[in-house]
There are 2 protein chains.
Amino acid sequence: MNQSKKDLLDTLAGVARALGHGNRLELIERLAQSEAPVEALADTTDLSVANASQHLQQLRRAGLVTARRQGRQVIYGLTDERVVQLVGLLGDIAETNLAEAERLVSRLFSEEDADGALEPVSRETLRAGLERGEVTLLDTRPEDEYRAGHLPGAINAPLDQLDQILDQLPRDREIVAYCRGPYCALSHEVVQRLTELGFRVRRFEEGFPEWKAAGLPVQA
Amino acid sequence: MNQSKKDLLDTLAGVARALGHGNRLELIERLAQSEAPVEALADTTDLSVANASQHLQQLRRAGLVTARRQGRQVIYGLTDERVVQLVGLLGDIAETNLAEAERLVSRLFSEEDADGALEPVSRETLRAGLERGEVTLLDTRPEDEYRAGHLPGAINAPLDQLDQILDQLPRDREIVAYCRGPYCALSHEVVQRLTELGFRVRRFEEGFPEWKAAGLPVQA
DNA sequence: GATATATTCAAGCAATCAATTGAATATTGA
DNA sequence: TCAATATTCAATTGATTGCTTGAATATATC
């Protein structure tokens, strides 16, 4: 076995190992929404700042995230949209191949997605619906993530501000809600609430990062 | 942070960790060619049987490979074509983001791909060329891997048997050689040799596993 | 310059992982 | 049933990883 090749595989293995910790995957998931300084990341992931910093540096060494200094903060971001695809593919494989993962996914959504819920909307369906102007689109993520970028025409509608925008929502058109990705629960909660209120609302089966990674247009 | 979600991410992290060792990536690369019993895998990857067995079990626990007993042997195989895609994507990201990986890839091919070599052929170009019958296709992998599956119409042409099939090769048509994937050196060697002999020969930029994973036809 | 803030570094401990060795298990064929 | 073969298990060793704590560094503001 060729030594160069062994080195190469070891390097790839190092990148894989960088993905091999729940906290780092969580950081990546957060970074897929928008870049952010360490403290904000530590905050949303419930890690100590020091710990978040160390995980971020591992991701950086693996070439998965970049860091740039801005004033006294260090802003981290994903190096590449493909990192989102990579984690997504990892999730797909885990979901179909691991009974345990499947069980976890179903538990994660079991209450929200119970009988009443409609089929989620695929990327292609959503794209077509938007193009024809048939769909009202809701971004259910927190406001700062919305401001960092969202799908064209989406209305920011986090659960706790839902009441204030109810009068903007049509009762005669289909509404689609999205959030951070297939494992994110935010849009589920909004769909559930709006369904109770009698709206025709479905969930986008992916999320903002996947949309962006697919090269589809986003709006700042 | 939701506990179910944390569990889910930890499960995904476990799958990533299973990819986090050079020996296991090598095993996967080998398995992408064809399924095989432990001893054969240990052999081509230069691991002890016990060590290979342990790595394979980790891959199995992660849901990346399957095992089935056949007589006194246990045959391992990839659970899913997407595992090939996953490793490919890992390689792509590593290659573009990590200076070191880039250096390793270029060293791996530096001698073979020196100035004289032509551009490698893309999947789409190859597909089109085959469809129009314009291309003679060589599978440069060892005979057992060829027998386990190859691209339609490919001639098995490992380097050490090249002399015996020279008279089957056209001098007036384009020849394309492929092997195990973008990091595999076998086709490079064959291309170099045939180029020296005056054939018009180029390399397929991917390999058998990627072709198969893309859902294109293969021949047993 | 001095001080405050954001991030990183360094040390230390517990936990996990990789590789080796020799024994144990399961299957086949005599 | 017994021996042979293929694979896995168990125990050990050395190395690596994750997290915490407190100190160190770099930048901005006074």
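Labels below follow one simple rule: chain letters A, B, ... track the order of the sequence lines, proteins then strands, and each chain is numbered from 1. FYI, side chains are in, hydrogens and waters are out, and symmetry mates aren't considered; it's all heavy atoms of this structure.
Side chains of L19(B) and I28(B) form a contact here, defined as non-hydrogen atoms less than 4.5 Å apart.
Rounded to whole Å, atom P of dT7(C) lies 13 Å from atom CG of L27(A). Between the P atom of dA18(C) and the CG atom of L56(B) lies a distance of 13 Å, rounded to the nearest Å. In this structure, D10(B) places its CG atom 17 Å from P of dA15(C), rounding to the nearest Å. Computed from coordinates, the R68(A) CZ to dT27(D) P distance equals 15 Å when rounded to whole Å. Between the CD atom of E39(A) and the P atom of dT5(C) there is a distance of 11 Å, rounded to whole Å. Taking atom CZ of R60(B) as the reference point, atom P of dT8(D) lies 7 Å away to the nearest angstrom. Regarding L41(A), its CG atom lies at a distance of 15 Å from the C1' atom of dT8(C), rounded to whole Å. Here the C1' atom of nucleotide dA18(C) and the CZ atom of R61(B) are 13 Å apart, to the nearest Å.
For the atom pair CG of L8(A) and CG of L12(A), the computed distance is 5.0 Å after rounding to the nearest 0.5 Å. A distance of 4.0 Å separates NE2 in H55(B) from CG in N51(B), rounded to the nearest 0.5 Å. Of the inter-residue distances, the one linking T140(A) atom OG1 with E145(A) atom CD reads 9.5 Å to the nearest 0.5 angstrom.
At least one donor-acceptor pair closer than 3.5 Å links the side chain of Q219(B) to the backbone N or O of G153(B). With R24(B) contributing its side chain and R17(B) its backbone, the two residues share a donor-acceptor pair below 3.5 Å.
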Practice task
Check the pair H150(A), R141(A) against side-chain contact (heavy atoms from CB on, under 4.5 Å), reporting the backbone distance first and the verdict last.
Solution key: CA-CA 10 Å; H150(A) 50 265; R141(A) 299 173 302 158; 4.1 Å; yes

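Contact between the side-chain N/O atoms of S53(A) and the OP1/OP2 oxygens of dT8(C) is found at a separation under 4.0 Å. Of the side-chain N and O atoms in Y76(A), one or more sit less than 4.0 angstrom from OP1 or OP2 of dT8(C).
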Its contact letters, B for base, S for sugar-phosphate only and - for none at protein heavy atoms under 4.0 Å, make nucleotides 24-30 of chain C read ---SSS-

Between N or O atoms, less than 3.5 Å apart, protein on one side and nucleotides 15-20 of chain D on the other: list the pairs.
residue	atom	partner	partner atom	Å
dG18(D)	OP1	R24(A)	NH1	3.3
dG18(D)	OP1	R24(A)	NH2	3.1
dG18(D)	OP2	Q58(A)	NE2	2.8
dG18(D)	O3'	H21(A)	NE2	3.4
dC19(D)	OP1	N23(A)	ND2	3.2
dC19(D)	OP2	N51(A)	OD1	3.3
dC19(D)	OP2	H55(A)	NE2	2.5
dT20(D)	O4	Q54(A)	NE2	3.1

Which pairs would a plain distance check flag for residues 62-70 of chain B, meaning a side-chain donor or acceptor within less than 3.5 Å of a matching protein atom at least two apart in sequence or in another chain?
residue	atom	partner	partner atom	Å
T66(B)	OG1	G77(B)	O	3.4
R68(B)	NH1	E35(B)	OE1	2.9
R68(B)	NH1	E35(B)	OE2	2.9
R68(B)	NH2	E35(B)	OE2	3.3
R69(B)	NE	G71(B)	O	3.4

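E29(B) and R180(B) are not joined by a salt bridge, as no carboxylate oxygen comes within less than 4.0 angstrom of a charged side-chain nitrogen.
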